[in-house]
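Just below is one structure, and these are the notes that go with it.
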Amino acid sequence: AKILVCRCHLPFAKIHYRRTRAVQSPRSCSLVAANFSLDEKRERERVGPSFDGAPSGKEAMNRWCCWRRLRPWRAAWARALGDQRPSARWPGGRCLATAAGLGPRPRPRPVRLACASGFWGDTATSVPQLVSGGNLDFLVFDYLSEITMSLLAAAKAKSPDLGYVPDFVQIAMAPFIKEIHKKGIRVVCNAGGVNPLGCAAALQEVVMKAKLDLKIAVVTGDDLIFMKDLLKEVDITDMYSGSPFPANVQSMNAYLGARPISRALDLGADVVVTGRCVDSAIVLGPLIHSFGWKQNEFDLLAAGSLAGHLIECGAQCTGGIFTDWHKVPDWDNIGFPVVECSSDGSFILSKPPKTGGLVSFGTVTEQLVYEIGDPRNYQLPDVVCNFSQVTVSEISVTDGGAVLVQGAKGSPPSDSYKICATYLDGYRSIAVCPVAGRRSVEKGRKTAESILKRTRRIFKEVGLDDFKSVNVQILGSEEIYGGQAAKTNNSPREAVIWLAVHHMQKKALELFSREIAPAGTGMAPGLTGIVGGRPKVSPVLKPFFFLHPKQNVTIDIFMNGKHAETLKEDFDFTHLPASEEKAEQEQDDLNDLPIGACRYRLEELAYTRSGDKGNTANIGVIARHPLYYPYLRKLLTAQAVEEYFQHLIQKEDSDTMMVTRFDLPGIQGLNFVLRDSLGGGGVASLRIDPQGKAYGQMLLDFQLRNLPDLKALVED
């Protein structure tokens with residue numbers, strides 16, 4: 001018989017050759033090893049404790065095939081050579097079949113990631129806390145929102161060198177860059193805004209001053225402003241309002257996914273800077289890179305996206321803005337979130353030791369429902385997530401609390417990117433004035449009305465149009481609660497005037513801003529001043545959302561200022577249609593629930609959290625105990641919530657429901673989506689709460705009547 005033998009088995013083959021004269025010239029697999037010059041440190045981190053320094057891949061396959069070919073002679077060699085017989089293992093003990101990909105591979109060690117920023121302006125104390133106590137592989141920063149993108153677009157319009165988040169470079173990275181480098185922590189951020197290359201250039205200067213050698217990657221391709229003239233000729237409408245494509249677009253960015261980030265890390269980046277991407281991508285990208293998750297492993301991609309969704313807002317999942325705020329210790333030293341993710345998609349969420357805050361079922365599930373729509377159809381560029389059956393379990397593994405999160409499911413993504421364009425829609429100005437003394441609410445309202453009346457008279461005299469919109473609110477009067485305001489005959493003895501106006505001409509609002517201060521001497525007594533001085537006039541940049549084919553978006557990766565590659569993505573997935581909305585799911589099984597004489601405020605039975613997407617708000621409600629959940633589903637209907645917030649919802653058709661409810665049985669939760677409820681949302685809104693942050697708090701006063709003694713049932 002004629003066989004091919006690799007060098008590792010050559011001594012044994014020579015023995016047999018002398019006996020049979022039937023062995024060809026041996027094939028050396030040591031020549032193949034040069035093709036697998038992996039960085040030993042990263043290979044050791046990827047493989048874990050089982051790493052033995054031996055190459056893998058093609059060389060291992062060659063040696064394994066050789067071992068299989070020698071099978072007819074292995075028994076004879078064993079008898080003749082004893083312990084010196086050829087082995088199917090590396091010298092370090094690793095199985096050839098495993099190294100060659102033919103057997104079970106060692107499970108990669110978990111990857112630890114932390115988020116140090118939930119928005120532009122977050123605390124500077126998070127970075128040293130996480131770098132020193134997080135034991136991290138990756139540190140991520142999320143800065144962008146629709147409002148932030150509007151502000152960055154306006155900044156870049158003033159100077160082409162601006163348009164990114166300077167805090168990332170000067171506050172988050174510069175003071176700690178040496179320690180980050182020393183500990184081998186890799187950084188991912190979306191601080192690039194509308195100028196990611198400018199952000200990377202500024203960071204490169206910091207690296208050079210620190211005399212370090214770091215690879216800084218930049219992901220571009222989200223900026224589509226160059227296409228605005230072309231898109232004007234196409235019949236594109238806003239995906240929410242149906243309005244036509246605006247004429248004066250200021251910025252236009254695609255929400256990219258995680259693949260460009262993972263590819264930049266594959267290329268060896270120490271820092272990855274992106275422009276606009278979905279918030280969760282800054283976590284999913286490192287996980288794809290670390291575990292090698294494929295594009296069609298949708299459950300894993302959904303799990304990684306959930307990890308990103310939970311920590312992208314920083315301390316919001318570690319006790320920040322928690323319903324039971326009074327139970328959260330040490331706000332001044334609140335811990336930022338750390339996730340330890342396993343290759344199967346499950347992860348543990350915790351915070352660094354000796355920090356404030358709280359990680360619990362309540363704090364994490366509140367963040368799970370934050371700013372989502374249909375939890376069964378949460379659409380991202382890489383995957384469509386189903387969070388309805390996700391479970392969150394408290395575990396005792398660390399000081400300050402920790403939870404195990406699992407159960408996310410995924411399906412193929414759309415073949416389109418979501419695009420957010422911003423366009424100029426005039427200007428706005430807001431005056432905020434405290435007023436004290438008896439009948440403060442009445443004095444404040446009359447003052448605001450008098451300022452508007454005087455300004456309108458000036459407009460008429462100089463030939464200017466009237467305000468496009470006006471919003472007067474007196475803080476302290478509870479008018480934000482509408483019909484749910486507390487009934488009292490005693491007017492507060494202190495209040496705050498909120499006077500916001502919108503006009504298409506900047507000149508008009510400059511006239512308005514000059515007429516605020518005279519109220520301090522010519523109108524109501526007790527007006528103590530103007531918060532922030534004379535009101536500023538700022539542009540109103542409204543968002544416009546639409547879908548754009550992924551194949552028409554070119555994504556490039558730059559490394560240290562030089563073009564590295566153009567990303568090639570697979571767009572051949574079959575897009576699954578979105579799930580149909582079921583406003584009141586499985587209501588029939590609730591009719592037989594016991595009734596009683598008890599009444600509860602919603603806060604006694606549930607946690608809540610609210611957020612925004614454009615002009616739409618969402619309110620998540622999570623039962624404090626599983627026994628409460630069916631009663632919440634029965635009484636807290638979409639219709640009941642719409643009636644509760646009817647004073648804030650702009651409803652053109654009385655027959656159209658503006659609130660939709662979705663169930664999350666995995667966490668015993670409900671999610672309510674309130675369309676057209678934020679007065680335009682973001683910088684386009686003149687309200688005191690343009691992002692719906694208080695809506696969840698307001699709903700806590702909802703009255704649930706005719707219930708049995710639920711607390712006694714729980715105690716039993």
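We use all heavy atoms of the structure for the numbers below, so side chains are in, but hydrogens, waters and symmetry mates are not.
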When you measure from the side chain of [X] to the backbone of [Y], do you find a donor-acceptor pair of N or O atoms at a distance under 3.5 Å?
X      : Y      : result
Ser610 : Gly696 : yes
Glu478 : Ala486 : yes
Arg687 : Gly680 : no
Glu394 : Ser360 : no
Asn190 : Arg276 : no
Glu366 : Thr323 : yes
Thr123 : Ser126 : no
Arg112 : Gly134 : yes
Lys550 : Ser414 : yes
Lys711 : Leu605 : no

inquiry  = Within the 3.5 Å criterion, strictly below it, is a donor on Gln367 or Arg609 matched to an acceptor on the partner's side chain?
reply    = yes
inquiry  = Could you tell me if Ser491 and Glu442 have a donor-acceptor pair between their side chains, going purely by distance under 3.5 Å?
reply    = no
First locate atom [atom1] of [X], then atom [atom2] of [Y], and finally report the distance between them rounded to the nearest 0.5 Å.
X      : Y      : atom1 : atom2 : answer
Leu404 : Ser350 : CG    : OG    : 11.5 Å
Thr608 : Ile619 : OG1   : CD1   : 7.5 Å
Asp344 : Gln406 : CG    : CD    : 8.0 Å
Asp279 : Cys115 : CG    : SG    : 9.0 Å
Arg259 : Leu301 : CZ    : CG    : 6.0 Å
Tyr240 : Phe544 : OH    : CZ    : 12.0 Å

key: Summary of ring pair (Phe, Tyr, Trp, His ring centres under 6.0 Å) pairs that have at least one residue in residues 364-384, sequence neighbours excluded   =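 Sorted result for residues 364-384: His309-Tyr378, Tyr378-Phe387.
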task = Output every pair passing ring pair (Phe, Tyr, Trp, His ring centres under 6.0 Å) with a member in residues 313-336, not counting sequence neighbours, ordered by first then second residue.
result = Phe322-Tyr607
Salt-bridge criterion met for Asp238 and Lys542 (N-O under 4.0 Å) =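 Judged by the 4.0 Å cut-off on N to carboxylate O distance, Asp238 and Lys542 do not form a salt bridge.
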message = Please determine whether a side-chain nitrogen of the Lys or Arg among Asp374 and Arg376 lies less than 4.0 Å from a carboxylate oxygen of the Asp or Glu.
response = yes
task = Decide yes or no on side-chain contact (heavy atoms from CB on, under 4.5 Å) for Asp663 and Leu670, but give the supporting numbers first.
result = CA-CA 5 Å; Asp663 291 2; Leu670 306 171; 3.3 Å; yes
request  = Taking all non-hydrogen atoms of both residues into account, name the closest pair between Met657 and Arg675 and its distance.
outcome  =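 So the two residues come closest at O-NH2, 2.7 Å.
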ask   = For Leu256 and Ala281, which heavy atoms make the closest approach, and how far apart are they?
value =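 It is O-CB, 4.4 Å.
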message = Apply side-chain contact (heavy atoms from CB on, under 4.5 Å) to residues Val470 and Leu686 and explain how you reach the verdict.
response = CA-CA 7 Å; Val470 170; Leu686 300 180; 5.7 Å; no
inquiry  = Once you measure the plane-to-plane angle for Tyr628 and His625, does it fall in the parallel (<30°), tilted (30-60°) or perpendicular (>60°) bin?
reply    =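 Tilted.
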key: Candidate pair Val714 and Arg624, rule side-chain contact (heavy atoms from CB on, under 4.5 Å), full reasoning   = CA-CA 10 Å; Val714 170; Arg624 293 179 180 267; over 6 Å; no
message = Here's a test for you: under side-chain hydrogen bond (donor to acceptor under 3.5 Å, both in side chains), which of Asp612, Thr660, Asn671 qualifies with Asn618?
response =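 By the side-chain hydrogen bond (donor to acceptor under 3.5 Å, both in side chains) criterion, Asn618 pairs with just one of Asp612, Thr660, Asn671: Asn671.
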inquiry  = Taking the side chain as everything from C-beta on, heavy atoms only, tell me whether Met658 gets closer than 4.5 Å to Gln650.
reply    =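 Contact flag for Met658/Gln650 side chains = no.
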message = Let's go through Leu287 and Leu113 carefully: what are the C-alpha distance in whole Å and the side-chain angles of both, what is the deciding distance for side-chain contact (heavy atoms from CB on, under 4.5 Å) to 0.1 Å, and is it a yes or a no?
response = CA-CA 9 Å; Leu287 294 178; Leu113 308 92; 3.6 Å; yes
